[in-house]
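Chain identifiers are assigned alphabetically (A, B, ...) following the order of the sequence lines, protein sequences preceding nucleic acid strands; residue numbering begins at 1 within each chain. No hydrogens, no waters, no symmetry mates; every other heavy atom, side chains included, goes into these values. Here the structure is a predicted model, which means the values were calculated and not measured.
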Number of protein chains: 2
Amino acid sequence: MPEPDVFSALANPVRREILMQLRKGPRAVNDLARSFELGRPAVSEHLQVLRKAHLVREEPRGRERYYHLDPRPLSEVDDWLKAFTHYWKQRLAALEDVLNEEARK
Amino acid sequence: MPEPDVFSALANPVRREILMQLRKGPRAVNDLARSFELGRPAVSEHLQVLRKAHLVREEPRGRERYYHLDPRPLSEVDDWLKAFTHYWKQRLAALEDVLNEEARK
DNA sequence: TGAATACGTCGGAAATCTCCGACGCGTCAA
DNA sequence: TTGACGCGTCGGAGATTTCCGACGTATTCA
């Protein structure tokens, strides 16, 4: 039972696609399973990973469970990326300078 | 031999830390290995993953190999996140509205 | 009440990940 | 040239991931 890790949760393309779909609104598990060529257990287990990473929230409705997106933990990834955004904008600016220098010749 | 996937490359905390360290400048492999409590083969294999994801570039210097950060593929993650930034800013705005509504009472 | 539905979870199989020791190759220094 | 160093990669061990069929539970509907 590994701890909930947002980066690991995003490592799987199916889970990323689940999050994408949940943007448009909550979905039941069987409904999601039909979107992918996957059995229900597989989808259910992907949802468990997303749940442990607090990226989704479940809302029981009768015998179904609707899963809602909770994008807040994504800010951790965003923050991590910011440490590089600054760096790569510097790099891009430097590259641009070089290109301008070349063009001037 | 899985294909180079930026999200998978970021799933491992050691690889994320390697990228963090490379922000400050290029590093040789043994030098990196000393930072972690890891053998050199492990670090070398992490670097292979990062290389296949095009997140690092190697520059041979004599018998050493200095690894440079290439943050450009990170923009793929950034773009993916943008699909949610918009969503979660909407959510935050909606929450703010509710709070303002409450405060007005 | 009983049958059908929606779901979570438990083995278990197959694939993948992560790490290490060992080996080979190229480079440096004596 | 010889020995030591820095590195990549292979073979293999152990852990983890990903998927499925099977089972149990709760809910719905006839």
Query raised in the report: Tell me, do L55(B) and L50(B) make a side-chain contact under 4.5 Å, heavy atoms counted?
Result: yes
Query raised in the report: What's the CZ-C1' distance between R61(A) and dT27(D), to the nearest Å?
Result: 15 Å
**Report entry** Nucleotide nearest R63(A) (side chain, heavy atoms from C-beta), chosen from dT9(C), dT28(D), dA29(C)
**Finding:** dT28(D)
Requested in this report: Give the B/S/- string for nucleotides 18-24 of chain D, one per nucleotide from 5' to 3', where a protein heavy atom under 4.0 Å of the base yields B, of only the sugar-phosphate yields S, and otherwise -.
Outcome: SBBBB--
Query - Side chain proximity check, F7(B) to F7(A), heavy atoms < 4.5 angstrom - result: no
Requested in this report: Scan Y67(A) against the nucleic acid and name what it touches under 4.0 Å (heavy atoms): base, sugar-phosphate only, or nothing.
Outcome: sugar-phosphate
Query raised in the report: In whole Å, what is the span from the CZ atom of R27(B) to the P atom of dC7(D)?
Result: 11 Å
Query raised in the report: Do L10(A) and L19(A) come within less than 4.5 Å of each other through their side chains, counting heavy atoms only?
Result: yes
Query raised in the report: What's the OH-P distance between Y66(A) and dT5(C), to the nearest Å?
Result: 16 Å
Query raised in the report: To the nearest angstrom, how far is R65(B) atom CZ from dG26(C) atom P?
Result: 11 Å
Query raised in the report: dT9(C) C1' sits how many Å from K52(A) NZ, rounded?
Result: 11 Å
Requested in this report: Please identify each residue that fulfils salt bridge (charged side-chain N to carboxylate O under 4.0 Å, His left out) with E59(B), with sequence neighbours left out.
Outcome: R61(B)
Report summary line: Sorted by chain and residue number, the side-chain hydrogen bond (donor to acceptor under 3.5 Å, both in side chains) partners of R65(B) (sequence neighbours excluded) come out as E58(B)
Report task. Look at the side-chain N and O atoms of Q48(B) and state whether any lies under 4.0 Å from the OP1 or OP2 oxygen of dG8(D). Result -> no
For residues 40-49 of chain A, which side-chain N or O atoms pair as donor and acceptor with protein atoms under 3.5 Å away, sequence neighbours left out?
{"residue": "H46(A)", "atom": "ND1", "partner": "R15(A)", "partner atom": "NH1", "Å": "3.0"}

Query raised in the report: Do L38(B) and V29(B) belong together in a cluster built from hydrophobic side chains that touch within less than 4.5 Å?
Result: yes
Query raised in the report: OP1, OP2 of dG8(D) versus side-chain N and O of S44(B): anything below 4.0 Å?
Result: yes
Query - For atom CD of E58(A) and atom P of dG8(C), their distance in whole Å - result: 7 Å
Requested in this report: Could you tell me which residues satisfy side-chain hydrogen bond (donor to acceptor under 3.5 Å, both in side chains) with R51(A), sequence neighbours excluded, listed by chain and number?
Outcome: Y67(A)
Report task. List for me each residue that meets side-chain contact (heavy atoms from CB on, under 4.5 Å) alongside Q21(B), sequence neighbours excluded, and say none if there are none. Result -> E17(B), R27(B), L32(B), S35(B), F36(B)
Query raised in the report: Rounded to whole angstroms, how far apart are CG on L10(A) and C1' on dT17(D)?
Result: 16 Å
Query raised in the report: Contacts to DNA chain D from residues 28-36 of chain B, heavy-atom cutoff under 4.0 Å, which residues?
Result: A28(B), V29(B), N30(B)
Report task. Please list, chain by chain and in numerical order, all residues satisfying salt bridge (charged side-chain N to carboxylate O under 4.0 Å, His left out) with R34(B), sequence neighbours excluded. Result -> D31(B)
Query raised in the report: Under a 4.5 Å cut-off applied to non-hydrogen side-chain atoms, are R23(B) and L69(B) in contact?
Result: yes
Query - Spacing of E64(B) atom CD relative to dG8(D) atom C1', expressed in whole Å - result: 15 Å
Query raised in the report: Using the C1' atoms of five pairs at each end, what's the angle between the two axes of the helix from dT1(C)-dA30(D) to dA30(C)-dT1(D), to 10 degrees?
Result: 20°
Report summary line: Taken in chain and number order and not counting sequence neighbours, the residues that satisfy side-chain hydrogen bond (donor to acceptor under 3.5 Å, both in side chains) with N12(A) are none
